[in-house]
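Encoded as structure tokens, the structure appears first; notes follow it.
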Amino acid sequence: GVYTVTVSITDSASTTATQDFEFVVVFDDNERGRVSGSGFYWSGSEARLGQARWGAPAFFGYNARYKGDADRPSGKTQLRLLGDFFFRSTQYDYLIVNDAIAVAEGVGTIGSDEYRFRVQGIDEGRLDYFQITIWDPETGVTVYDNGVLYGGDAKGDVVLLGGIRVRDR
């Protein structure tokens with residue numbers, strides 16, 4: 001899973017300082033899964049600053065898996081919004097597969113600029129969800145995030161055409 005670790009320190013004067021560290025990834029090296037999928041969803045206007053008032057069609061590809069004893073997963077994530085937005089991953093840092101959910105994080109580019117990203121695919125059979133957050137690693141400014149809330153959970157957008165397949169082995 002992906003966890004937030006909180007560290008608290010108390011000195012002799014009973015003053016306490018607390019700091020959160022996001023995120024720590026814990027996985028069982030013997031239980032490596034994989035994810036693959038591609039398709040289309042409607043990206044709402046809230047996902048990208050300066051996007052058209054009504055949003056835009058979004059096309060994605062997402063595949064990741066660990067090969068052999070590799071420390072990092074291989075594969076690609078791509079996102080294209082109708083117009084001039086095209087994101088392409090260049091490296092994954094990790095992949096976590098938990099039942100029907102696959103989460104990966106890494107580095108990619110939009111044009112010649114480098115960004116960090118976290119991508120999630122949910123395979124719920126008839127309805128699949130795709131969510132990606134892309135941000136500038138130097139400023140921390142998010143340039144794209146379609147983390148739509150469904151009942152308090154950020155599942156992402158419903159895949160309208162295509163699908164995601166998550167395999168936990």
Quick check: does any side chain N or O of Asn98 sit under 3.5 Å from a backbone N or O of Ile101, one acting as donor and the other as acceptor?
no

Under 3.5 Å, is there a donor-acceptor pair between the Gln131 and Thr133 side chains?
yes

Residues in ring pair (Phe, Tyr, Trp, His ring centres under 6.0 Å) contact with Phe85, at least two apart in sequence or another chain
Tyr144

Determine, step by step, whether Asn146 and Ile132 satisfy the side chain to side chain contact (heavy atoms under 4.5 Å, CB included) criterion, reporting the C-alpha distance in whole Å, the side-chain angles of both residues, the deciding distance to 0.1 Å, and the verdict.
CA-CA 6 Å; Asn146 70 322; Ile132 186 167; 3.9 Å; yes

Smallest heavy-atom separation, Gly163 atom then Asp128 atom, equals CA-OD2, 3.4 Å

Is there a side-chain contact between Tyr92 and Ser74 in this structure, where contact means two heavy atoms from C-beta onward sitting under 4.5 Å apart?
no

Could you tell me whether a side-chain N or O of Asp84 sits under 3.5 Å from a main-chain N or O of Phe86, the two making a donor and an acceptor?
no

Shortest non-hydrogen contact between Arg118 and Trp135, atoms and distance:
N-CZ3, 3.7 Å

Is Val158 reachable from Ile122 through a run of hydrophobic residues whose side-chain heavy atoms are each under 4.5 Å from the next?
yes

Are side-chain N/O atoms of Asp20 and Thr6 paired as donor and acceptor at under 3.5 Å?
yes

Have a look at Ile110 and tell me which of Val143, Asp136, Leu79 forms a side chain to side chain contact (heavy atoms under 4.5 Å, CB included) with it.
Val143

Compare every heavy atom of Ser43 with every heavy atom of Asp157, then report the nearest pair and how far apart it is.
OD2-CA, 4.3 Å

Which distance, rounded to the nearest 0.5 Å, do you find between the OG1 of Thr77 and the CD of Gln91?
12.5 Å

Compare every heavy atom of Phe40 with every heavy atom of Pro57, then report the nearest pair and how far apart it is.
CB-CE1, 3.4 Å

How about Phe87 and Phe117: are their ring centroids closer than 6.0 Å?
yes

Does any part of the side chain of Tyr66, heavy atoms only, come nearer than 4.5 Å to the side chain of Asp71, both counted from C-beta?
no

Taking every non-hydrogen atom, the tightest pair across Leu81 and Ala58:
CD2-CB, 3.4 Å

Phe130 and Val119, any side-chain heavy atoms less than 4.5 Å apart:
yes

Is it true that Arg48 and Asp145 make a salt bridge, defined as a side-chain N closer than 4.0 Å to a carboxylate O?
no

Determine, for Phe59 and Arg80, whether the Lys NZ or Arg CZ falls below 6.0 Å from the six-membered ring centre while staying within 45 degrees of the axis.
no

Charged N-O contact under 4.0 Å between Arg88 and Asp113
no

Do the side chains of Ile164 and Val35 get nearer than 4.5 Å, heavy atoms only?
yes

What pair of heavy atoms forms the shortest contact from Arg165 to Asp123, and how long is it?
CA-OD2, 3.4 Å

Close side-chain approach of Thr109 to Thr90, heavy-atom, < 4.5 Å:
yes

Kindly indicate whether the side chain of Tyr129, heavy atoms from C-beta on, has any atom under 4.5 Å from the side chain of Glu124.
yes

Do Ser89 and Tyr62 pair up side chain to side chain, a donor and an acceptor below 3.5 Å, judged on atom types alone?
no

Is any side-chain heavy atom of Val97 closer than 4.5 Å to one of Val166?
yes

Do the side chains of Arg116 and Val107 get nearer than 4.5 Å, heavy atoms only?
yes

Return the CZ to NZ distance between Arg72 and Lys67, rounded to the nearest 0.5 Å.
15.5 Å

Does a donor on one side chain and an acceptor on the other come within less than 3.5 Å for Thr16 and Ser8?
no

